[in-house]
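Along the sequence shown, residues are numbered consecutively beginning with 1. All of these numbers come straight from a predicted model, not from anything done at the bench.
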Amino acid sequence: MQATVQTKTQIKTAVITAAGFGTRFLPVSKAVPKEMLALIDKPVIQYAVDQAVEAGIERIILITSEGKEAMEAYFHILPKLEEALQNRNSPKLAEVQRVSRMAEIIPVIQELPLGLGHAVLCAKEAVGNEPFIVYLPDEILLGEPSATRQMIDSFARLGTSVIGVKQVPAEDVGRYGVVAGEPVSGNEIRLSHTVEKPKPAEAPSDLAIFGPYVFTPEIFDCLENITPGAGGELQLTDAIDMLAKRTPVHACRLDVHRYDAGTPLGLLETAVELALQRPDYADDVKAWIKDLAQRLD
Ligand code: G1P
């Protein structure tokens with residue numbers, strides 16, 4: 001009996017959706033996937049992978065598309081590089097080795113840009129019949145415990161799919177998936193419905209979806225049955241709405257600070273904020289910002 005309970009609540013698989021064109025970052029994203037752009041010295045995608053691995057996840061299914069091979073290459077072992085770093089006693093060796101061995105990376109190509117719902121459906125076969133967590137890699141969510149641990153904890157207690165949400169200013173709701181429902185605890189809500197990019201006046205709440213999402217495999221049947229929604233795309237939010245009408249689904253209000261690495265300005269802000277949190281950069285960056293502030297009018 002114990003074994004069954006464990007399998008039901010343990011999450012070993014993550015899906016990272018990273019197949020988009022990265023239009024907001026053109027022209028750089030012609031050749032560099034937006035998920036590979038640097039936050040100081042780490043690519044954006046590394047934040048989701050680090051958090052997943054720290055929480056015990058072992059397999060990462062990377063939903064990717066043609067031309068974005070740099071993402072999977074980043075996780076490959078490079079013996080010549082490691083040898084060279086070893087010979088130079090480089091302090092970078094440990095991190096280079098860690099990144100290449102931290103998890104099993106399984107790339108899955110999304111052939112057509114049909115939407116986030118379709119991207120997650122592409123992972124169906126690789127996920128199999130077990131619960132899994134989905135990351136939107138542009139969303140850098142930092143907290144203690146991590147967003148991933150908060151989500152896994154909710155899932156372990158509630159035993160249902162759980163969606164990571166955060167309150168946003170009412171005028172911003174139209175940019176996100178929005179959830180509605182009844183609170184079941186201080187930070188958890190049982191969902192009645194979800195809407196993708198509602199008109200602000202019609203939004204059912206100010207709780208926006210940022211992920212991560214923990215799903216039971218039932219989500220795949222919903223993903224197979226949704227029709228194009230907002231923007232003509234197959235929306236993950238519409239599949240969640242369908243799932244919530246069949247079986248209990250919860251949202252978890254995450255206690256995290258959110259950084260948006262999905263736009264050029266957001267990436268710049270995120271990089272500066274993260275540099276201020278890094279002991280090896282903080283002093284220099286603070287001094288630079290003070291100097292810069294004096295030069296601005
Ligand atoms: C996607 C999701 C949306 C979510 C948002 C968070 O939208 O469809 O539900 O709130 O990410 O960033 P996109 O930003 O791809 O339009």
Side-chain angles (χ1 to χ4, degrees), residues 11-23 25-113 116 118-128 130 132-142 146-148 211-212 259 261-262 267 270-271 274 278 280:
I11 298 185
K12 293 285 165 205
T13 302
V15 173
I16 300 186
T17 55
F21 287 130
T23 317
F25 285 97
L26 283 171
V28 66
S29 51
K30 277 182 74 196
V32 182
K34 71 172 170 145
E35 297 80 4
M36 289 306 297
L37 295 171
L39 287 169
I40 319 174
D41 50 8
K42 280 209 251 185
V44 167
I45 197 168
Q46 178 89 48
Y47 285 84
V49 177
D50 276 349
Q51 232 186 70
V53 169
E54 189 276 330
I57 282 150
E58 294 165 356
R59 304 162 71 223
I60 309 270
I61 299 166
L62 186 61
I63 308 300
T64 175
S65 56
E66 206 186 322
K68 298 187 80 171
E69 293 74 18
M71 283 191 296
E72 35 180 307
Y74 175 70
F75 295 100
H76 289 167
I77 296 177
L78 298 180
K80 281 188 185 158
L81 173 65
E82 292 187 9
E83 202 186 312
L85 294 176
Q86 189 131 38
N87 291 341
R88 285 184 221 162
N89 260 331
S90 167
K92 293 278 185 186
L93 177 64
E95 180 65 357
V96 166
Q97 286 178 326
R98 187 185 75 88
V99 165
S100 315
R101 293 164 178 82
M102 62 198 303
E104 182 188 2
I105 308 284
I106 304 164
V108 173
I109 300 267
Q110 183 187 13
E111 303 279 352
L112 293 167
L116 182 61
H118 179 255
V120 174
L121 182 57
C122 290
K124 180 180 174 184
E125 212 174 300
V127 166
E130 57 176 78
F132 61 104
I133 186 162
V134 174
Y135 292 93
L136 305 174
D138 295 347
E139 298 293 345
I140 310 279
L141 305 174
L142 300 182
S146 71
T148 302
Y259 302 99
L267 185 77
T270 307
L274 293 176
R278 286 246 313 233
D280 50 346

Does the pair Glu130 and Thr13 meet the rule for a side chain to side chain donor-acceptor pair (under 3.5 Å), with working shown? CA-CA 8 Å; Glu130 57 176 78; Thr13 302; 3.0 Å; yes

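- Met36 contributes atom CE, which lies 13.5 Å from atom CZ of Phe25 (distance to the nearest 0.5 angstrom).
- Residue Ile140 holds its CD1 atom at 5.5 Å from CG of Leu39, rounded to the nearest 0.5 Å.
- Inter-residue side-chain proximity for Lys42 and Asp50 is flagged as met; some heavy-atom pair is nearer than 4.5 Å.
- Side chain of Glu69 to backbone of Gly67: a donor-acceptor contact under 3.5 angstrom is found.
- Tyr135 pairs in a side chain to side chain contact (heavy atoms under 4.5 Å, CB included) with only one of the listed residues (Ile16, Val49, Ile45, Thr17), which is Ile16.
- Annotation for Tyr47 and Leu274: closest pair OH-CD1, 3.3 Å, computed over non-hydrogen atoms.
- Proximity of Leu141 to Tyr259: side-chain heavy atoms (C-beta onward) are nowhere separated by under 4.5 Å.
- The two residues Glu82 and Leu93 come nearest to each other via the heavy atoms O-CD1, 3.5 Å.
- Distance alone, capped at 3.5 Å, places no donor-acceptor pair between the Ser146 side chain and the Leu142 backbone.
- Ion pairing between Glu95 and Arg98 holds under the 4.0 Å rule for side-chain N and carboxylate O.
- In this structure, Thr64 and Val108 have side chains that are not in contact, with every pair of non-hydrogen atoms separated by 4.5 Å or more.
- Atom CG of Leu112 sits about 6.5 Å away from atom NE2 of His118, to the nearest 0.5 Å.
- Lys68 places a side-chain N or O within 3.5 Å of a backbone atom of Gly20 that can act as its donor or acceptor partner.
- To the nearest 0.5 angstrom, Leu267 atom CG is 9.0 Å from Asp138 atom CG.
- Side-chain polar atoms of Tyr74 and Gln46 form a donor-acceptor pair below 3.5 angstrom.
- Of all heavy-atom pairs between Phe132 and Val134, the closest is CE1-CG2, 3.5 Å.
- Applying the side-chain contact (heavy atoms from CB on, under 4.5 Å) criterion to Ala123, with sequence neighbours excluded, gives Val15, Ile61, Ile63, Val127.
- When all heavy atoms of Ser29 and Gly22 are compared, the pair lying nearest together is OG-O, 2.8 Å.
- For Arg101, the CZ atom is densely surrounded, since the number of other residues' heavy atoms within 6.0 Å is greater than 12.
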Decide yes or no on side-chain contact (heavy atoms from CB on, under 4.5 Å) for Ile60 and Glu104, but give the supporting numbers first. CA-CA 6 Å; Ile60 309 270; Glu104 182 188 2; over 6 Å; no

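- The minimum heavy-atom distance between Ser65 and Gln110, with the atom names listed, is CB-O, 3.9 Å.
- Val44 has its side chain out of reach of Lys34: every pair of non-hydrogen atoms, C-beta onward, lies at least 4.5 Å apart.
- Distance check, rounded to the nearest 0.5 Å: CG of Leu85 to CG of Leu78 gives 9.5 Å.
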Does the side-chain contact (heavy atoms from CB on, under 4.5 Å) test come out yes or no for Arg59 and Ile106, once each step is laid out? CA-CA 7 Å; Arg59 304 162 71 223; Ile106 304 164; 3.7 Å; yes

Apply side-chain contact (heavy atoms from CB on, under 4.5 Å) to residues Ile109 and Glu66 and explain how you reach the verdict. CA-CA 7 Å; Ile109 300 267; Glu66 206 186 322; 5.5 Å; no

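- Of all heavy-atom pairs between Pro107 and Glu72, the closest is CG-OE1, 3.4 Å.
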